[in-house]
Structure formats: C-alpha cells, structure tokens
Amino acid sequence: QVQLVESGGGLVQAGGSLKLSCAVSGRVFSINAMEWYRQAPGKQRELVATITSSDSTKYADSVKGRFTISRDNAKNTVYLQMNSLKPEDTAVYYCRIRTAGGAVYWGQGTQVTVSS
C-alpha cells in the first residue's frame, strides 16, 4: 500500500525555522500534486501549500513569504521549509498526495509547536 511518512516537526521559538519532510513509498504511478495541510486544536484542517508535477506552487495567504514547498522526484519526497514561525502556526501538519487516477493519500501528521 501507499504510505506517506512525515518527519521534522518539533518545538521551536517564535521567529525560528523548521523543515518538514514527507516520504512517499509504495506503488504510485503518477503524482499530480503534493500538498501540506495543517490542523490546530479546535479548528478545521486547512491547506497550507501545494506543488504540482510541473513545479507550480501555491500558498495560503497566512504563510506566503514565510513557507516554501519543494519536492525531490527521485526520492519521492516533498518538503515544507517554514521560516519566521509564529505561535499561530502551531498545528499538526499533514502531507497529502493526489494521483493522476484521482486517488488521495494522507500521512499521519507531525506536530509543530511554536512558543512565544
């Protein structure tokens, strides 16, 4: 089965940086997009960043200029570089991929906590 495993989360002070990784394993024929979502306590899950197969990127307004999504096709890995972190960035961050066949796969999430 397809698996997505996130890593890189942790505790960081406001203004600091973290880099999240999501490694995809299993049989995936064609990935149309790789994405990062996040969910804070008591809030709905929200889309943070998207990168397509053509390297087009899109970001939520709240993270523009601070976060960068990238991918390494050879390693089947997507990254989220997070700079200038704020306490409101605290959430569980989830990796998601969308395939050409319309399938969607989610990772289990990694906790990011930003202290004041």
Side-chain angles (χ1 to χ4, degrees):
Q1 282 189 317
V2 176
Q3 285 190 310
L4 282 65
V5 180
E6 301 103 332
S7 62
L11 175 64
V12 65
Q13 292 184 331
S17 298
L18 285 173
K19 187 174 184 178
L20 306 183
S21 299
C22 174
V24 181
S25 63
R27 190 169 295 177
V28 180
F29 291 103
S30 182
I31 298 174
N32 279 355
M34 308 180 85
E35 301 172 313
W36 287 97
Y37 284 74
R38 68 185 181 187
Q39 187 167 22
K43 296 184 178 180
Q44 292 186 334
R45 190 171 298 184
E46 63 175 346
L47 178 62
V48 175
T50 299
I51 185 166
T52 69
S53 58
S54 60
D55 281 330
S56 176
T57 59
K58 186 177 181 180
Y59 300 92
D61 289 341
S62 59
V63 307
K64 285 182 179 177
R66 300 188 298 119
F67 291 10
T68 302
I69 188 170
S70 61
R71 61 180 174 86
D72 185 333
N73 289 339
K75 296 180 179 180
N76 238 8
T77 301
V78 62
Y79 305 94
L80 185 68
Q81 177 67 52
M82 305 184 293
N83 299 324
S84 302
L85 284 162
K86 305 174 181 179
E88 50 262 45
D89 295 319
T90 296
V92 177
Y93 284 71
Y94 298 90
C95 178
R96 189 182 86 151
I97 62 171
R98 293 186 279 113
T99 72
V104 175
Y105 300 95
W106 290 90
Q108 295 187 52
T110 184
Q111 177 70 49
V112 172
T113 302
V114 184
S115 63
S116 301

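- Checking Asn83 against Ser17 by side-chain atom types alone, a donor-acceptor pair falls below 3.5 Å.
- When all heavy atoms are compared, the tightest approach of Val28 to Thr99 is CG1-CG2, 4.0 Å.
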Solution key, residues 102-116 side-chain donor-acceptor pairs under 3.5 Å, sequence neighbours excluded:
unit_1 : atom_1 : unit_2 : atom_2 : d
Thr110 : OG1    : Gly9   : N      : 3.3
Gln111 : NE2    : Ala91  : O      : 3.4
Gln111 : NE2    : Thr113 : OG1    : 3.3

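- The two atoms that bring Cys95 and Val78 nearest to each other are SG-CG1, 3.5 Å, heavy atoms only.
- In this structure, Asn76 has no side-chain hydrogen bond (donor to acceptor under 3.5 Å, both in side chains) partners at least two apart in sequence or on a different chain.
- Partners of Lys43 according to the salt bridge (charged side-chain N to carboxylate O under 4.0 Å, His left out) rule, which considers only residues two or more places apart in sequence or in another chain, do not exist here.
- In this structure, the separation between CD on Gln44 and CD on Gln39 is 8.5 Å, given to the nearest 0.5 Å.
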Applying salt bridge (Lys or Arg N to Asp or Glu O under 4.0 Å), run through Lys86 and Asp89 and close with a yes or a no. CA-CA 5 Å; Lys86 305 174 181 179; Asp89 295 319; over 6 Å; no
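- Pairing each heavy atom of Tyr59 with each of Phe67, the nearest pair is CE2-O, 3.3 Å.
- The CZ atom of Arg71 sits 6.5 Å away from the OG atom of Ser53 when rounded to the nearest 0.5 Å.
- In this view, Gln3 satisfies the side-chain hydrogen bond (donor to acceptor under 3.5 Å, both in side chains) rule with no residue, not counting sequence neighbours.
- Side-chain contact check for Tyr94 versus Leu4: every heavy-atom pair is 4.5 Å or farther apart.
- Side chain to side chain, Ser54 and Thr52 meet the donor-acceptor criterion of an N or O pair below 3.5 Å.
- A 4.5 Å side-chain heavy-atom check between Met82 and Val12 finds every atom pair outside the cut-off.
- Side-chain contact between Lys75 and Ser21 is absent, with no heavy atoms from C-beta onward closer than 4.5 Å.
- Both Ile31 and Val2 are assigned to one and the same hydrophobic cluster, defined by single-linkage of ILVMFWY side chains at heavy-atom distances under 4.5 Å.
- Put simply, Val48 and Ile51 are part of the same group of oily side chains (I, L, V, M, F, W, Y) that touch within less than 4.5 Å, one to the next.
- Heavy atoms of other residues, nucleotides or ligands lying less than 6.0 angstrom from CD of Gln13 number 12 at most.
- For the atom pair Ser7 OG and Lys19 NZ, the distance stands at 10.5 Å (nearest 0.5 Å).
- Between the CG atom of Leu80 and the CD1 atom of Ile69 there is a distance of 6.5 Å, given to the nearest 0.5 Å.
- Using a 4.5 Å cut-off between side-chain heavy atoms of Ile, Leu, Val, Met, Phe, Trp and Tyr, with links allowed through other members, Tyr93 and Val63 fall into the same hydrophobic cluster.
- Side-chain contact check for Tyr37 versus Glu35: some heavy-atom pair is nearer than 4.5 Å.
- Annotation: salt bridge (charged side-chain N to carboxylate O under 4.0 Å, His left out) contacts of Arg45 (sequence neighbours excluded): none.
- Shown here are the salt bridge (charged side-chain N to carboxylate O under 4.0 Å, His left out) partners of Glu6, two or more places apart in sequence or in another chain: there are none.
- Trp36 and Val5 fall into different hydrophobic clusters, where Ile, Leu, Val, Met, Phe, Trp and Tyr are joined by side-chain heavy atoms under 4.5 Å apart, directly or via other members.
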